[in-house]
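The structure under discussion appears below in the form of structure tokens.
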Protein chains: 2
Amino acid sequence: MFGSTSRARAVASARAPGIETPAGVSRPAPDRHETARTRAETAYEAIKHRVLENAFPAGTYVLEQELADLLEMSRTPVREALIRLAHDGFVEIRPRHGMRVLPVSPDDMREIYAILTILEAEVAAEIATRGLTDAEAAALWYATNEMTLALEEDDLVRWARADAAFHRDLIMMSANRRQRQVVLQFWDQSHRVRMLTLKLRPKPFESTEEHIKLVKAMEARKPDLARALHRAHRQEAGAMLVRILAEHNLTQL
Amino acid sequence: MFGSTSRARAVASARAPGIETPAGVSRPAPDRHETARTRAETAYEAIKHRVLENAFPAGTYVLEQELADLLEMSRTPVREALIRLAHDGFVEIRPRHGMRVLPVSPDDMREIYAILTILEAEVAAEIATRGLTDAEAAALWYATNEMTLALEEDDLVRWARADAAFHRDLIMMSANRRQRQVVLQFWDQSHRVRMLTLKLRPKPFESTEEHIKLVKAMEARKPDLARALHRAHRQEAGAMLVRILAEHNLTQL
DNA sequence: TCATGACTTTACGTATACACTAAAACATAC
DNA sequence: GTATGTTTTAGTGTATACGTAAAGTCATGA
């Protein structure tokens, strides 16, 4: 169903596309780019993408059959995808109304950033304790450099991309798989709000500086400093987003 | 599928039990105690229970059809339950081999306790900041009292039950729903190891004292003290469990 | 116009059928 | 006995059918 099936299918599924099977179950060739996936996985990714990119706005109800029609598959893999999406916190499932895209309120953002702040600060300290590998340092410096260049060009989208890459790279350095999973889950939950408020925020000069200071603290192997810097960085970012949501009365993004 | 369906079904499902439906789908009356549930939910709870209580030992493979036979339902709700159980970290799904109960290794326990330590310590500080309600204090004192009585009677099972209740009560006091969800998820993941090592651990006199001190610190509204006490408590408990697993070569519980 | 009851429609949860292919079993050669 | 190739079996992912009941629609009365 997951993971190793995808691998096995990638190897085994080099059959001719478009074969029409003789019995009730029609088996069109799935789109093949580089990994074969179950339809349930395809559905998961497709729906998640639409949620994150606001193609399905917050509060929207979409029925199972609508999703199935849209994705050109039966309801079964759609249902399986929805179970996962609900568990990830992107949608809720309301029988006879379909899935509803969960809005992200200021309170939600408070919750999310409270957890990100706690857990990421510990990761920063962990990394400062054991030191950065060359590759890790390069990745983080690349991201901060991107942020700086983006600011020079007044390209906020580019800046946001670099910011996301920085934080993703950072959490992926954690040795604790469960910690990575939790942080990424909530970071994803905040994605739409971050994107939709991008132009409402002040220019992130200080934020960029904070990223740079954090990398320096980690390179200098100062765990307490790294923890404190990152904690402050996350707390301020969360508080600012919450403020913006409140000021603009964006209560359900 | 979840939640509100259960409510609606509870109201609407007072039909005669045992009605045999005319077409392919046989609809025996589900067992009714107080809440009606979908079969997928029934499957989730039943399988989870068997995993937690070691009826399906770690490393065990069980096929979908075996589970369906055992639970007297079709494969469909079993599949849906397995998606959730996999997401909760109790099993992995391996196509053509069925679900496999995920063992919990010493490294897993390190990961779990690292996260519990961080997040719960913050909850303890939060509660110490805002103070305990009478009901909350009563619940925690009841649990610590149970621990004390259990120790007097040398009843470790009773002690473990009180310990679990204490921690569950504590996390449920967090205002952060996501934090509650994360902590409970990982606490559940450690359940089997805690139960299976119960008799291998030293008598938890100090642990009981630590619980008592924590409640006092929270009542006294000392957030820094509460955080530090609870952090130490969780770190020591995690380290001890990891030690025991290693000493007894229990690498895959 | 609003409320209520009856009837109809439809979305869901589930069982079942089926195609596909991974895994197991079997046959053969060295 | 071991390795390899072929055949068979069976577990999964998916589509479809169906029963159930929630939701919608319609008719009627006050």
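Just so it is clear, the values below take in all heavy atoms, side chains as well, and ignore hydrogens, waters and symmetry mates. These numbers come from a predicted model, not from an experiment. Order of the sequence lines sets the chain letters (A, B, ...), proteins ahead of strands, with each chain counted from 1.
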**Request:** Answer yes or no: are there more than 12 heavy-atom neighbours, outside B:Tyr61 itself, under 6.0 Å from its atom OH?
**Result:** yes
**Asked** For the pair made of CD in B:Glu72 and P in C:dG13, what is the distance, rounded to whole Å?
**Response** 22 Å
**Spacing of A:Leu82 atom CG relative to C:dG13 atom C1', expressed in whole Å** = 14 Å
**Verdict with supporting geometry, A:Glu45 and A:Arg50, salt bridge (Lys or Arg N to Asp or Glu O under 4.0 Å)** = CA-CA 9 Å; A:Glu45 300 289 350; A:Arg50 285 173 167 81; over 6 Å; no
Give each protein N/O atom lying under 3.5 Å from an N/O atom of nucleotides 8-11 of chain C, with the pair distance.
from   : atom 1 : to      : atom 2 : distance (Å)
C:dT10 : O2     : A:Arg96 : NH2    : 2.6
C:dA11 : N3     : A:Arg96 : NH1    : 2.6

**Prompt:** D:dA10 C1' sits how many Å from B:Glu66 CD, rounded?
**Reply:** 12 Å
**Message:** Suppose we call a contact any N or O donor and acceptor under 3.5 Å apart; does that hold for the side chain of A:Arg75 and the base of C:dG13?
**Reply:** yes
**Prompt:** Could you give the CD1-to-P distance, from B:Ile83 to D:dT12, as a whole number of Å?
**Reply:** 13 Å
**Asked** Less than 4.5 Å apart, any side-chain heavy atom of B:Leu253 and any of B:Thr197?
**Response** yes
**Message:** Whole angstroms only, please: what is the CZ-P distance between B:Arg39 and C:dA15?
**Reply:** 5 Å
**Item:** Euclidean distance, atom CG of residue A:Leu71 to atom P of D:dT14 [Å, nearest integer]
**Value:** 12 Å
**Message:** Within the 4.5 Å heavy-atom criterion, are B:Val101 and B:Phe90 side-chain neighbours or not?
**Reply:** no
**Asked** How are the rings of B:Tyr113 and B:Trp187 set relative to one another: parallel (under 30°), tilted (30 to 60°) or perpendicular (over 60°)?
**Response** perpendicular
**Prompt:** Can you tell me how far C1' of D:dT14 sits from CD1 of B:Ile93, to the nearest Å?
**Reply:** 16 Å
**Item:** Earlier contact from the 5' end, DNA chain D, for A:Ser74 and B:Val62
**Value:** B:Val62
**Request:** Please check the phosphate of D:dT12 (OP1 and OP2 only) for any side-chain N or O of B:Arg79 closer than 4.0 Å.
**Result:** no
**Asked** With sequence neighbours left out, which residue pairs that include part of residues 170-183 of chain A fulfil the side-chain hydrogen bond (donor to acceptor under 3.5 Å, both in side chains) condition?
**Response** A:Arg178-B:Asp108, A:Arg178-B:Glu111, A:Arg178-B:Gln189
**Complete:** B:Met99 atom CE is separated from D:dT12 atom C1', nearest whole Å, by 16 Å
**Where at least one partner belongs to residues 237-253 of chain A, residue pairs that pass side-chain hydrogen bond (donor to acceptor under 3.5 Å, both in side chains), sequence neighbours excluded** = A:Glu236-A:Arg243
